[in-house]
There are 2 protein chains.
Amino acid sequence: MSRGAGAGVRESLEAPGSREKILDVAEALFARRGFAGVGLREVALAVGLGKSSLFHHFRSKVQLYLEVLGRVLGRIDERLRPALAAGGGPAERLMRSLDVLVDALAEHPTTARLLLRGLFEDDAFPADLGPEGDTVERRLASLICGIEALLREGIERGAFRRVSIPHMMQTLIGATVYHFASGEFGEGLIGGSLFSAEEVRRRKEELRAVLDHGLTA
Amino acid sequence: MSRGAGAGVRESLEAPGSREKILDVAEALFARRGFAGVGLREVALAVGLGKSSLFHHFRSKVQLYLEVLGRVLGRIDERLRPALAAGGGPAERLMRSLDVLVDALAEHPTTARLLLRGLFEDDAFPADLGPEGDTVERRLASLICGIEALLREGIERGAFRRVSIPHMMQTLIGATVYHFASGEFGEGLIGGSLFSAEEVRRRKEELRAVLDHGLTA
DNA sequence: TTGACGCCCGACCGGTCGGTCGCTTAAAAG
DNA sequence: CTTTTAAGCGACCGACCGGTCGGGCGTCAA
């Protein structure tokens with residue numbers, strides 16, 4: 001069956017498994033240069049395979065891209081869903097959700113960029129991604145829908161000000177996702193890695209403080 | 001000299017002037033699909049020229065791209081610089097600056113995406129953009145530097161809380177730029193055009209309110 | 001031993017990429 | 001009128017694109 005992996009006793013440990021390795025490499029490249037900016041030759045070379053071998057694992061370039069996006073989304077709602085489901089008031093649950101969102105974005109430096117690029121680049125595939133593309137958008141929408149409900153509940157209960165929910169969603173998404181997607185530019189501002197544990201902790205604090213009191217003293 | 005433009009009496013009015021038209025078209029396309037996703041054939045076709053004619057106005061594709069970016073930056077600091085220079089306390093000046101930034105992003109729907117893409121895609125040109133690329137980054141940095149100074153002043157004077165300035169900058173940039181770059185996804189959230197006068201006004205209000213009081217009631 | 005299968009490969013396909021070349025046209029400059 | 005020059009064009013270049021094809025090789029079941 002598989003060449004590299006002793007598929008018998010040890011299940012999935014130890015052997016890289018071409019599929020996952022390809023996804024890892026492709027994720028890094030797509031995040032850095034976008035869908036159109038990455039050639040399959042480059043992916044194959046980085047994996048250590050011939051280009052044609054990629055097609056044994058993925059039907060086409062768009063399917064590879066969509067699967068990368070799917071993995072990214074999976075990593076996020078794997079964390080976000082329990083955070084949304086756990087108990088507490090709306091404010092508490094919102095802050096916890098934002099915390100795990102920040103954690104998810106910080107864990108893989110590629111995540112934020114891929115998310116943003118995914119938003120941008122559905123213009124790039126006019127309509128050719130078929131039903132799978134819808135699924136990716138659907139999943140993304142369902143993720144933010146949970147947070148949206150949290151906002152609504154908080155406002156109804158009087159815990160939050162009567163802000164415009166969509167606009168606040170946009171602000172929240174922008175303030176979290178942009179930060180981790182800002183790359184060298186953001187690191188120039190911060191003066192260090194965006195992804196160090198220290199900076200991630202500080203980011204959560206600042207975000208929480210802004211939502212609690214705003215900027216003015 | 002020029003074919004289409006009567007360059008004698010009427011200066012720059014009336015005639016499209018190929019250069020500007022090319023920049024307009026290229027700006028729209030680069031915003032939608034990114035540097036690598038746009039071919040010069042497509043640009044030329046949309047302008048109504050042959051591909052080879054583009055090279056009479058721009059040395060290469062990267063130069064065209066950089067000039068598009070330069071124009072975008074120009075439109076922003078054309079508005080932002082006077083807003084920063086005008087009088088008033090730090091809080092007032094910060095709000096005014098964010099207002100004009102929102103106005104600038106709302107005026108051309110392409111602006112926010114190009115800015116974000118510009119941030120992402122300097123990874124895409126390894127080092128080949130030469131000194132002009134530095135200039136673009138420099139200008140962007142100088143723009144945000146003005147806002148940074150405003151934050152610092154506000155904190156020193158006690159008008160603002162003692163937030164981390166870089167982190168607050170990231171939040172501010174993210175909350176404004178992301179919104180106008182979010183495309184169809186954002187419009188799905190908002191339930192209408194991101195760029196209508198009504199939505200732009202509301203966006204400013206919400207942003208101001210968050211900075212003034214935060215989210216909690 | 002033999003056949004089937006998973007995985008991988010190099011060669012190759014039509015098409016597009018950014019960019020160059022030589023040419024024509026027409027207006028401005030003399 | 002002649003010369004210069006900006007602006008345009010189609011043909012063409014080598015390189016690379018995503019994708020296909022036929023075959024080699026090692027493993028496992030029969």
Side-chain angles (χ1 to χ4, degrees), chain A residues 1-12 15-23 25-26 29-30 33-68 121 124-126 128-130 132, chain B residues 1-12 14-23 25-26 29-30 33-68 121 124-126 128-130 132-133:
Chain A
M1 202 204 241
S2 95
R3 191 153 88 165
V9 185
R10 351 1 187 311
E11 269 293 355
S12 63
S18 288
R19 246 189 103 88
E20 289 299 309
K21 191 171 181 186
I22 294 172
L23 284 171
V25 167
L29 288 172
F30 283 142
R33 285 203 284 283
F35 178 80
V38 174
L40 292 183
R41 283 172 163 83
E42 191 183 2
V43 176
L45 189 77
V47 178
L49 288 179
K51 189 194 61 162
S52 51
S53 299
L54 297 183
F55 290 90
H56 279 272
H57 301 276
F58 304 94
R59 257 178 292 125
S60 67
K61 189 188 180 186
V62 293
Q63 201 226 342
L64 171 59
Y65 184 68
L66 291 176
E67 228 156 301
V68 166
E121 301 197 290
F125 324 118
D128 59 1
L129 33 59
E132 293 151 334
Chain B
M1 197 206 236
S2 95
R3 191 152 86 166
V9 184
R10 344 17 178 306
E11 268 293 354
S12 64
E14 156 186 88
S18 289
R19 246 190 104 88
E20 289 300 308
K21 191 170 179 185
I22 294 172
L23 284 171
V25 166
L29 287 172
F30 283 142
R33 289 203 280 284
F35 179 80
V38 174
L40 291 185
R41 284 173 163 82
E42 190 181 4
V43 176
L45 190 76
V47 177
L49 289 179
K51 189 196 60 164
S52 53
S53 300
L54 297 183
F55 289 89
H56 279 270
H57 302 275
F58 305 94
R59 257 178 291 125
S60 66
K61 188 188 180 185
V62 293
Q63 201 224 343
L64 172 58
Y65 185 69
L66 291 177
E67 231 156 296
V68 166
E121 303 197 284
F125 324 119
D128 58 3
L129 34 58
E132 296 151 330

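Quick note on labels: first sequence line is chain A, next is B, and so on, each numbered from 1.
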Quick one, give me the B/S/- string for nucleotides 15-21 of chain C, reading 5' to 3', where B means a protein heavy atom under 4.0 Å from the base and S means that only happens at the primed atoms, P, OP1 or OP2. --BBBBB

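- Between the CZ atom of A:Phe30 and the P atom of D:dG18 there is a distance of 8 Å, rounded to whole Å.
- Atoms CD1 and CG, from B:Ile22 and B:Leu40 in turn, are 10.0 Å apart once rounded to the nearest 0.5 Å.
- In this entry the distance linking CG of B:Leu54 with P of D:dA6 reads 18 Å, nearest Å.
- Rounded to whole Å, atom P of D:dG10 lies 11 Å from atom CG of B:Leu45.
- Between B:Ser53 and the phosphate of D:dC9, there is a side-chain N or O to OP1/OP2 separation shorter than 4.0 Å.
- The two residues B:Val25 and B:Val43 make their nearest non-hydrogen contact at CG1-O, 3.9 Å.
- Here the straight-line distance linking atom NZ of A:Lys21 with atom CG of A:Leu23 works out to 13.0 Å at 0.5 Å rounding.
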What pairs of donor and acceptor atoms, side-chain ones from residues 51-62 of chain B against any protein atom, are under 3.5 angstrom apart with sequence neighbours left out?
unit_1, atom_1, unit_2, atom_2, d
B:Arg59, NH2, B:Glu132, OE2, 3.3
B:Ser60, OG, B:Gln63, N, 3.3
B:Lys61, NZ, B:Phe35, O, 2.9
B:Lys61, NZ, B:Val38, O, 2.8

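- If you measure from atom CD of A:Gln63 to atom P of D:dG18, you get 15 Å, rounded to the nearest angstrom.
- For D:dC9, the OP1/OP2 oxygens have no side-chain nitrogen or oxygen of B:His56 closer than 4.0 Å.
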